[in-house]
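What you are looking at is a predicted structure, and each value in this text was computed from that prediction instead of being measured. When a residue number appears, it is its place in the shown sequence, counting from 1.
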Amino acid sequence: MMELPDIWILRLVVACVFCLLIFIRSASGSATEGFENIACCADSNYTDPQTTLNYTTDYRWFPDKGSCRRTKDVLNEKVRLFFVDEGKRCYNLPTIKNKVYLIRGTFPFNGVNSSFNVSIGVTQLGAVRSSGLQDLEIEGIFRATKDYIDFCLVKGEVDPFISQLELRPLPEEYLHDLPASVLKLISRNSFWGTKDEIRFPTDPSDRIWKATSSSLSALLLSSNVSNFDLKSNVTPPLQVLQTAVTHPDRLQFVLSGLDIEDNEYRVFLYFLELNSTVKAGKRVFDIYVNGEIKKERFDILAGGSNYTYTVLNVSANGLLNLTLVKASGAEFGPLLNAYEVLQMRSWIEETNQKDVEGIQKIREELLLQNQDNKALESWTGDPCFFPWQGITCDGSNGSSVITKLDLSARNFKGQIPSSITEMTNLKLLNLSHNDFNGYIPSFPLSSLLISIDLSYNDLMGSLPESIVSLPHLKSLYFGCNKRMSKEDPANLNSSPINTDYGRCKGKEPRFGQVFVIGAITCGSLLITLAVGIIFVCRYRQKLIPWEGFGGKNYLMETNVIFSLPSKDDFLIKSVSIQTFTLEDIEVATERYKTLIGEGGFGSVYRGTLNDGQEVAVKVRSATSTQGTREFDNELNLLSAIQHENLVPLLGYCNENDQQILMYPFMSNGSLQDRLYGEPAKRKILDWPTRLSIALGAARGLAYLHTFPGRSVIHRDVKSSNILLDHSMCAKVADFGFSKYAPQEGDSNVSLEVRGTAGYLDPEYYKTQQLSEKSDVFSFGVVLLEIVSGREPLDIKRPRNEWSLVEWAKPYIRVSKMDEIVDPGIKGGYHAEAMWRVVEVALQCLEPFSAYRPNMVDIVRELEDALIIENNASEYMKSIDSLGGSNRYSIVIEKRVLPSTSSTAESTITTQALSHPQPR
C-alpha cells in the first residue's frame, strides 16, 4: 500500500478537526436556537462556565455606560440602573409569532428594600421586591404575538435595575388551551437533587430546577435508564427525575406567600415510577388542591409507560396546598418526582400592530440625526400603554391606535420622517417649532388627518396639493418656513381649511389683534406692579417676630413655594402653611409622648399648640417605605387645596433630614377604628351617622376629581384614611400617593401601582392605567365596610369570606341584603336608603372602569339616600308621637345608577297608605 507523505497526513488531520469543530458548532447552535443571553453592562461578551452559553452585552439597547454599577457582593458582576423620573425602559427581543417562550430577568440584591414592576409586552408580570439576601429572578412564559417581545422595567419605589436577561423557546404544552395568557413562575422543584439547581445543558430548555429536601423517604433512580420511556416535550431532564419522594399514605406540599387576591394557577406534576416491582394498579392515589379533589385514582402506569405528567388548573388565595393521598385498595403510597407552579395572568392586548410598526419606523428615521434627543428616550415598549412622549392614543374601539403625534418644540432636525404618511389612524400631527428641513411628504387620500401644523421649521419646496385634498383636514399651518415656495396650491384658497397660507403668524396683525396685545401688555404691567407690592409686604412680614411655642420667637413663613420633584406633582400654592423647627415639634408633642397611630409614612403623635389647638404630628420613620417624594407630594397638594371634607395641613418641619407633617387632631379617630378597630376605639355607629360619613368622604373625593384645571386621584382610598372630627364630619386624609389624572399629551405618566390590598382596583393593577375610577373602586369597598362592619380582607374568617367584595357580591345580586348588613344596625335603617348605598357600592366595584359611576354621581345618590333616611326617621317620629302604628310602605321600581350623565335621575315611586311622605 502506498504511504502518504507526512504533509498530506497533517492536512487530513487538520481537515478532520475542522469538520469536527463545524459539527460541534452546528449541533450547539441548533441546541440553543432562539436563545437570547444578555449580560447587562458586561465589559465584553463571554461564555458562562456553568451553562456553556454565550452572553452578549446590552449596549446595543442601551449604549450609555454611565448607568452601569457594580454589585456589592460579586465584584465582576454589573447591573444596569435606569434613572427614570416616571416611566419605563424596555429590552426588545426577537421572537417567532405563535411560538411559546420563557423569559427570565435577574435582579441582584442591592442591600436595600426596593420595589419596581416588570412586564412582558404590556402585561404586568410582577413586582421586584428585593428584601432578602439573595438575587431575585422573575420568570414568565408567553406566546409570541409578533416577531419581537418587549421586556419592560417600570419605575416603582426605586429606579429599576437588572443584571441578566434570558429568552428561551419552550414546548407548546405549557400554554396548551391558554391562547391569551402569561404564566408567571412561582416554583419549580425537584427532590434531593445532586446540585442546588439543574439547568442548561442538562435541561435543553434551560428551565432552572431548584433542589428541595424532604423528611420523607426517597427512592433513587435505577441504573438501567434505557427502560424509561420519556417522550413528552415538557419532560424534565433525567437528573431531575432520578429522585422522588414517596410515603405509605400521603404527601403534602404547601406553598405560602401567594397573592392574597384570588388567582388562577397552572400546576405541572411529574411522575416517574422508580420501583421496578410496582405494576399498574398497585400505586394509585388521589390528588387534592386546597382540599378539593382534582384527580381521582391517579395511576402513573395506567398508560403503559412508567413516566407521565399531569396539568392542574386551580384557584388559590394566599396559599396552595397540594396533597397526594393513597387510594383505597392501593398497595403503594403516592410518589412525586418534580413539580412546577405557575400563576396565570391574562394577556393584555397591545397597540394596533400596524401603528406600532409605523411609529417604530418614524423612530428609526428620527434617530438618524437626533441620537441625543431626550424626547426619544421614552420611545421604548408599547407606545400607548407605556406612553411615548408626544403620542396620544385612542382605545375606545378595543385595540389602541395612535391618533395624535405632537413633536412640537422638541429640537428635532433632519427630514420629516416619510413613515408618518403610513400612520393610517393619525388625526392630529404637530411638528412645528423644530429644525426639520427638506420637502413635505405627500399623504394618501385615505388619511384621517384633521389638523397638520408644520410651521416654524426650515422646510423647502412647495406644499403638496395632495395635502389640501385630504377629505378630513380642517386646519393646516406651514408658515415661517423661509425656504418654502411662496406660491399656494391652486385649491387652497377655495378650500374651507383654516390655514396661515404659509405666512408667519402675527406678521400682519389686524386692529383687533393689536388691541388684544395692548390690553395684555397693560395687564401684565399691572400684575407685575401688584406682585411687587405683595412681595415687599411679605418681606416685611417675614421680619416680624412671631411668638410660638413656649414664648420663643422665630420668623414666620407663609405661602411657601416647595421644590417640585417631577412634572407629575402638584404645582400651585395658595394656602398658608407654617414651618416649625424640631424643637417646636418636641415642645408641642412633649417629646413625642403620646403615640396615636402608625402608618406607611411613620408614627403619628398627639400634640398641643401654644394657642391650645390639638394637633396630630406625623413623623417619617427611618425605615419608612415612603420617602421625600410622598412628603413633598402631600405638602404640595394640601398647600393648593382646601375643602371641608379633606384634612387640612397646618404646618411642616424639614430639618436635619427629619420630615414631619402637622394636621388638626381628629378626636373621633378613623372610620376603620369605629367599625372594627381596636376594642378601645371601636364604637357602634348608627346607620344615619354611617351614611353621613360616606357622603362626606364622597364629597371630598368628588372635589379632588373635579379640581379646577386638572383632577386629582387619591390612589389610597380606604377606611383608615377617612378621619372623623369632633362632630363626626368625615375628612379624607393621607395624600402621599396622590397624583394628577393623566391627560392627553402627558409624556411621563406614572406606571407604579399604588394602593392597599383589598381596596386595589383590579383593572388598574393589571393595566397600570391610572384614572379617577380607581378611586371609585376603592370607595365601593369602603361603602361595603360601612354597610357590613367587616374588614376588606380577613383571613381569620372561612376561606370563602376572606375577601369582603367576593363575599358580599353574591348576596347583593340575589337581593339578600340582610345577610351583609352589620348586626349592630339591623332594624335601625330604612330599606330604600340602604339599597341605594348597596347598589352604588356594587356599581363602584364593576371590573371594568367604564361601567363605574363618577364621584359626582355617587354624591348625588348618597344625598338622595340620606334624604330618604332622614325623612323616614322624621316620619316615624311623627307616627310615634301620634301613638299610631306604622302603616307606611314603599313600592320600589328597579333603577339604573347614572354613571356618565350628571342630569340623569333615578326613579322611585312612594305611596303613603295613610300619610304622605314628608319631603
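- You'll find the side chain of Asn721 stays beyond 4.5 Å of the side chain of Val732, heavy atoms only.
- Residues satisfying the side-chain hydrogen bond (donor to acceptor under 3.5 Å, both in side chains) test with Thr323, not counting sequence neighbours, are Asn321.
- Ion pairing between Arg852 and Glu846 fails under the 4.0 Å rule for side-chain N and carboxylate O.
- Applying the side-chain contact (heavy atoms from CB on, under 4.5 Å) test to Ala316 and every residue at least two apart in sequence or in another chain returns Leu258, Tyr265, Asn290, Leu320.
- The side-chain hydrogen bond (donor to acceptor under 3.5 Å, both in side chains) check on Glu772 picks up Ser711, with sequence neighbours excluded.
- Contact of the Glu292 side chain with the Tyr288 side chain is not registered, since no non-hydrogen atoms from C-beta on lie closer than 4.5 Å.
- Taking Glu590 as the reference, nothing meets the side-chain hydrogen bond (donor to acceptor under 3.5 Å, both in side chains) condition, with sequence neighbours excluded.
- Two residues are said to be in side-chain contact when any heavy atoms from C-beta on lie closer than 4.5 Å; Asn645 and Cys729 meet this criterion.
- Side chain of Trp802 to backbone of Ile795: a donor-acceptor contact under 3.5 angstrom is found.
- Residues that satisfy the ring pair (Phe, Tyr, Trp, His ring centres under 6.0 Å) test with His643, not counting sequence neighbours, are Tyr703.
- The shortest side-chain heavy-atom distance between Leu793 and Ser803 falls under the 4.5 Å cut-off.
- Looking only at atom types and distance, the side chain of Asn313 has a donor-acceptor partner in the side chain of Arg266 under 3.5 Å away.
- Scanning all heavy atoms of the two residues, the minimum distance from Ala831 to Met817 falls at O-CE, 4.3 Å.
- A salt bridge is defined here as a Lys NZ or Arg NE, NH1 or NH2 lying under 4.0 Å from an Asp or Glu carboxylate O, and Glu791 with Lys796 fails to meet this definition.
- For Asp775 and His705, the side-chain atoms include at least one donor-acceptor pair closer than 3.5 Å.
- Closest approach of Leu646 and Lys731 over heavy atoms only: C-CB, 4.1 Å.
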| task | Mind running side-chain contact (heavy atoms from CB on, under 4.5 Å) on Val617 and Val604 for me, showing each step along the way? | result | CA-CA 5 Å; Val617 178; Val604 184; over 6 Å; no

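- Checking side-chain atoms of Asn668 against main-chain N and O of Asp725 turns up a donor-acceptor pair under 3.5 Å.
- Here Lys718 pairs with Asp716 under the salt bridge (Lys or Arg N to Asp or Glu O under 4.0 Å) rule; sequence neighbours left out.
- In terms of heavy atoms, Ser670 sits closest to Leu723 at CB-CD2, 3.8 Å.
- Annotation: Leu319, atom CG; neighbour count of heavy atoms from other residues, nucleotides and ligands within 6.0 Å is above 12.
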List, one per line, each side-chain donor-acceptor pair under 3.5 Å for residues 776-787, sequence neighbours excluded.
unit_1, atom_1, unit_2, atom_2, d
Ser778, OG, Tyr759, O, 2.8
Ser778, OG, Ser774, O, 3.3
Glu785, OE1, Tyr676, OH, 2.3
Glu785, OE1, Ser719, OG, 2.9
Glu785, OE1, Tyr759, OH, 3.0
Glu785, OE2, Tyr759, OH, 2.7

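- In terms of modelled atom types and a separation under 3.5 Å, the side chain of His830 and the main chain of Asn871 share no donor-acceptor contact.
- The side-chain hydrogen bond (donor to acceptor under 3.5 Å, both in side chains) analysis of residues 804-824, with sequence neighbours excluded, yields the pairs Arg690-Asp822, Asp818-Tyr829.
- For Asp259, the salt bridge (Lys or Arg N to Asp or Glu O under 4.0 Å) criterion is met by Arg345, not counting sequence neighbours.
- With hydrogens and angles disregarded, a donor-acceptor distance shorter than 3.5 Å links the side chain of Asn870 to the backbone of Leu866.
- In this view, Arg790 and Glu801 satisfy the salt bridge (Lys or Arg N to Asp or Glu O under 4.0 Å) rule, not counting sequence neighbours.
- Rounded to the nearest 0.5 Å, atoms OG (Ser849) and CG (Leu770) are 10.5 Å apart.
- The shortest heavy-atom contact between Leu862 and Ala698 is CD1-CB, 3.8 Å.
- Using modelled atom types, one side-chain atom of Arg715 and one backbone atom of Phe737 make a donor-acceptor pair closer than 3.5 Å.
- Interatomic distance, Ile293 CD1 to Ile287 CD1, rounded to the nearest 0.5 Å: 9.0 Å.
- With sequence neighbours left out, the side-chain hydrogen bond (donor to acceptor under 3.5 Å, both in side chains) criterion links Thr589 to no other residue.
- No side-chain heavy atom of Asn317 sits less than 4.5 Å from a side-chain heavy atom of Asn263.
- Among pairs with a residue in residues 602-613, those fulfilling salt bridge (Lys or Arg N to Asp or Glu O under 4.0 Å) read Arg606-Glu614, at least two apart in sequence or across chains.
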